Amino acid sequence: MSSSPSAKRQLRLQIPVVVAGSALLLSGCSVANSEDAAGATAGAASDTLRVVLQQEPPTLEACEANLTSTGVVVRSNVTQPLIERNPTTGELEPLLATEWEATSDTEWTLKLRDDVKFQDGTDFNAEAAAYTIDRAVNSDLGCNVEGYVFGDTDLEVEAVDATTLTVTTPEPDPILPLRLSFLEVVPTSTSDTEKVREPVGTGPYKIEQWDAGQKITLSAWDGYWGEAPAFPKAEYQWRGEGTVRAAMVTSGEADIAMGLGPDDGAGDLGVNYPNNETIGLRLSGDTAPLDDIRVRQAINYAIDKEGIVASLYQNKDKVAAQLIPEGVVGHNASLEAWPFDLEKAKALVAEAKADGVPVDTKITLVARNAQFPKVTELSQVLQEQLAQAGLNVELKMTETSQHLQYQIRPFVEDQGPIALLIQHGNQAGDAAFTVEQYMLSDGAQSSFGTDEFDQRLLEAGKTSGADRQQAYEDIFTYQNENVVQFATIAHQTGILGKSVAINYTPNSSSGDELRLTEMTPAS
């Protein structure tokens, strides 16, 4: 269905990009080249690992750790889960739990470590594990991990003894151990009536200081049950511009720079890795004109995905036909991306208008500053391309806290039709974590759905093996043909800036869970 972008389409894409690029040049930021970088990194601190992020985390609350901006600091560093997923092999591995098994159709029994303490000196045990699950999944806290991983499902948990935990689900759930890998364990002293900004965990680092707006400092915890990390301290700063983050690595000011783009200037210090992230638009299908499927289809036809990938991302990203990339259970390899067809888009808008659909109503395209490389330029391109299809689109760039009001239920109200620019990562490796939050009618990040589709999604979640793969393949086909809540654009390739003074190989989870214990000084 796809075709190579013509020269005319390429030119159209470049117009807003040049404007944005000029603004960057006027900012006065300079980036050292790779030749300068090799020498500059010699100044890297020997006892402190310095990481520069795209943005300051809104919180380090453990039950919000599946949010990228939070998890990149806290997951497996300050807090830890019972079970850990190996991002390279996809296998589940023991961590705070040593083993687990299904002891009935709906019950799982886990055995826990008996030599672990929390950073406040209290014992980790089954009571703490049960408390963590109750707090994050069964309470009214509104934890993001609840909507992202568990939905409306409550779990029955019991601490049988100090090292034995049982978890019971209302319905059979073949991937419950995978879901549990998203829960970062906290002690029973953690408030269950309000979220906490700085959690206590069992991880190798504890939070030493958070200087709001400036930096977060972690220090190695001497009571850690595992092998001590190579770096006694870790320091996080944040800079919105990718060129600035790249410059900090090439000049020796930082050891790791997250979220770089292909032309941010990291040179040989930029390391590509598959990050399992997909970008696209989520359309609010309950408000005119986006409540008309023809308008949602028109948006898909109006977006020149191949031109975007070529012009903004140097063909390192891959045009997307669905919300999950290859390698995730349920990915439909036969599903083709919507082709770029501006005339078809215009015709659909005109047809809807002729039937009384108010296609002139303003659609707000909401995006988040520094969410991923070239997000501002991409947003400008999308605004222009949808306008060319005959739609009235206003661009709204937001900060993280404001963006979350559009991203996660309860959504901000009385804002009219919304096209939300999303970046969705499925590091868990199973389509359930995508469809349950993004496609169920009441999913944490879903803006609409149908009863029939909901039933399909719920039934798919009960399957396993080949049946599970096929069920989710069919779901992504059905979404594209009958629901069209999304206009997916591209599967991303991550770029991480890494000093030559650091040994580290990024993986598909690095953008969400940057494990500091995997980093060592280069010999």
Side-chain angles (χ1 to χ4, degrees), residues 49 51 53 57-85 87 92-98 110 112-113 115-137 139 141 143-146 148-150 157 165 177-192 194-210 216-229 233-234 236 427-428 509-519:
L49 185 65
V51 181
L53 308 172
T59 180
L60 297 182
E61 160 64 59
C63 76
E64 306 282 44
N66 60 292
L67 292 173
T68 296
S69 53
T70 296
V72 74
V73 175
V74 73
R75 287 183 68 179
S76 295
N77 296 324
V78 177
T79 58
Q80 295 177 304
L82 297 170
I83 300 166
E84 192 169 55
R85 180 179 179 271
L92 294 178
E93 298 176 347
L95 197 63
L96 296 179
T98 58
L110 297 87
L112 312 182
R113 297 187 67 95
D115 58 349
V116 177
K117 288 186 178 295
F118 287 101
Q119 293 151 3
D120 62 2
T122 59
D123 289 335
F124 160 75
N125 51 32
E127 183 183 0
Y131 180 81
T132 293
I133 296 172
D134 270 329
R135 179 180 184 271
V137 180
S139 75
L141 274 182
C143 294
N144 190 262
V145 71
E146 179 182 9
Y148 177 74
V149 179
F150 296 95
V157 290
L165 176 76
L178 180 57
R179 295 187 196 277
L180 293 178
S181 72
F182 282 87
L183 287 175
E184 302 290 301
V185 179
V186 294
T188 57
S189 57
T190 307
S191 173
D192 61 357
E194 59 183 6
K195 296 176 183 177
V196 298
R197 187 167 181 261
E198 301 180 20
V200 170
T202 60
Y205 288 91
K206 61 182 180 180
I207 301 168
E208 180 176 300
Q209 189 166 338
W210 186 346
I216 294 172
T217 304
L218 307 184
S219 60
W221 178 47
D222 58 12
Y224 178 51
W225 61 273
E227 184 177 348
K233 288 184 180 292
Y236 297 85
Q427 279 70 35
S509 291
S510 293
D512 298 274
E513 184 178 350
L514 191 66
R515 299 177 187 176
L516 301 182
T517 53
E518 296 178 357
M519 301 182 189

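For the single chain, residues carry numbers from 1 onward in sequence order. The analysis underlying the following values was restricted to heavy atoms, covering all of them including side chains, and did not include hydrogens, waters or symmetry mates. On a predicted model such as this, the values are computed, not experimentally measured, just so you know.
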Could you go through Trp221 and Glu208, starting from their C-alpha distance and side-chain angles, then the distance that decides it, and tell me whether this counts as side chain to side chain contact (heavy atoms under 4.5 Å, CB included)? CA-CA 10 Å; Trp221 178 47; Glu208 180 176 300; over 6 Å; no
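- Side-chain contact between Ser189 and Asp120 is present, with heavy atoms from C-beta onward closer than 4.5 Å.
- The shortest distance between side-chain heavy atoms of Lys233 and Leu49 does not fall below 4.5 Å.
- Judged by distance alone, the side chain of Gln119 and the main-chain N or O of Gly203 form a donor-acceptor pair under 3.5 Å.
- Summarising the geometry, atom CG belonging to Leu82 is positioned 8.5 Å from atom CG belonging to Leu95; distances are rounded to the nearest 0.5 Å.
- Annotation for Glu518: atom CD counts as buried by contact number, over 12 foreign heavy atoms lying within 6.0 Å.
- Taking each heavy atom of Arg75 and Ala65 in turn, the nearest pair found is CD-O, 3.1 Å.
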Check step by step if salt bridge (charged side-chain N to carboxylate O under 4.0 Å, His left out) holds for Arg197 and Glu61. CA-CA 5 Å; Arg197 187 167 181 261; Glu61 160 64 59; over 6 Å; no
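- Note that SG of Cys143 and CD of Glu184 are 12.0 Å apart. Values are rounded to the nearest 0.5 Å.
- For the side chain to side chain contact (heavy atoms under 4.5 Å, CB included) with Arg515, the qualifying choice from Pro87, Ser510, Ser509 is Pro87, the only one to do so.
- Remark: the backbone N or O of Trp225 is not paired with any side-chain donor or acceptor of Asp115 at under 3.5 angstrom.
- Counting all heavy atoms, side chain and backbone alike, Pro177 lies closest to Leu92 at CB-CD1, 3.7 Å.
- Here the CG-OG1 distance, from Leu110 to Thr98, works out to 8.5 Å after rounding to the nearest 0.5 Å.
- For the pair Leu53/Val51, a side-chain contact is recorded, criterion being any heavy-atom separation below 4.5 Å from C-beta on.
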The test is side chain to side chain donor-acceptor pair (under 3.5 Å); show your working for Asp512 and Thr68 and say whether it passes. CA-CA 5 Å; Asp512 298 274; Thr68 296; 2.6 Å; yes
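- Of all heavy-atom pairs between Val185 and Ala128, the closest is CG1-O, 4.3 Å.
- Summarising the geometry of Ile133 relative to Leu165, their closest heavy-atom pair is CD1-CD2, 4.1 Å, with the distance given to 0.1 Å.
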Test log, rule side chain to side chain contact (heavy atoms under 4.5 Å, CB included), inputs Arg179 and Phe150: CA-CA 7 Å; Arg179 295 187 196 277; Phe150 296 95; 3.7 Å; yes
Evaluate side chain to side chain contact (heavy atoms under 4.5 Å, CB included) for Leu60 paired with Ile216, printing each intermediate quantity in order. CA-CA 10 Å; Leu60 297 182; Ile216 294 172; 4.3 Å; yes
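- Between Lys117 and Phe124, every side-chain heavy-atom pair lies at or beyond the 4.5 Å cut-off.
- With a 4.5 Å cut-off on side-chain heavy atoms, Thr517 and Pro204 count as touching.
- With Asn66 contributing its side chain and Val145 its backbone, the two residues share a donor-acceptor pair below 3.5 Å.
- Not a single donor-acceptor pair under 3.5 Å links the side chain of Glu93 to the backbone N or O of Glu84.
- At least one donor-acceptor pair closer than 3.5 Å links the side chain of Tyr131 to the backbone N or O of Thr190.
- One N or O on the side chain of Asn125 and one on the backbone of Glu127 form a donor-acceptor pair closer than 3.5 Å.
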Side chain to side chain contact (heavy atoms under 4.5 Å, CB included) evaluation trace for Val78 with Ile207: CA-CA 7 Å; Val78 177; Ile207 301 168; 4.0 Å; yes
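- The two atoms that bring Leu183 and Ala136 nearest to each other are CD2-CB, 3.6 Å, heavy atoms only.
- Taking every heavy atom of both residues into account, Val116 and Leu96 meet most closely at CG1-CD2, 4.1 Å.
- We find the CG-OG1 distance between Asp123 and Thr202 to be 12.0 Å, quoted to the nearest 0.5 Å.
- Between the side chains of Gln80 and Tyr224, at least one donor-acceptor pair of N or O atoms lies under 3.5 Å.
- Between the side chain of Arg85 and the main chain of Gln427, a donor-acceptor pair closer than 3.5 Å is present.
- Separation of atoms CG (Leu514) and CG (Leu516) is listed at 6.0 Å; rounding is to 0.5 Å.
- Note: Leu141 CG to Cys63 SG = 6.0 Å, rounded to the nearest 0.5 Å.
- Arg135 places a side-chain N or O within donor-acceptor distance of the main-chain N or O of Ser191, the cut-off being under 3.5 Å.
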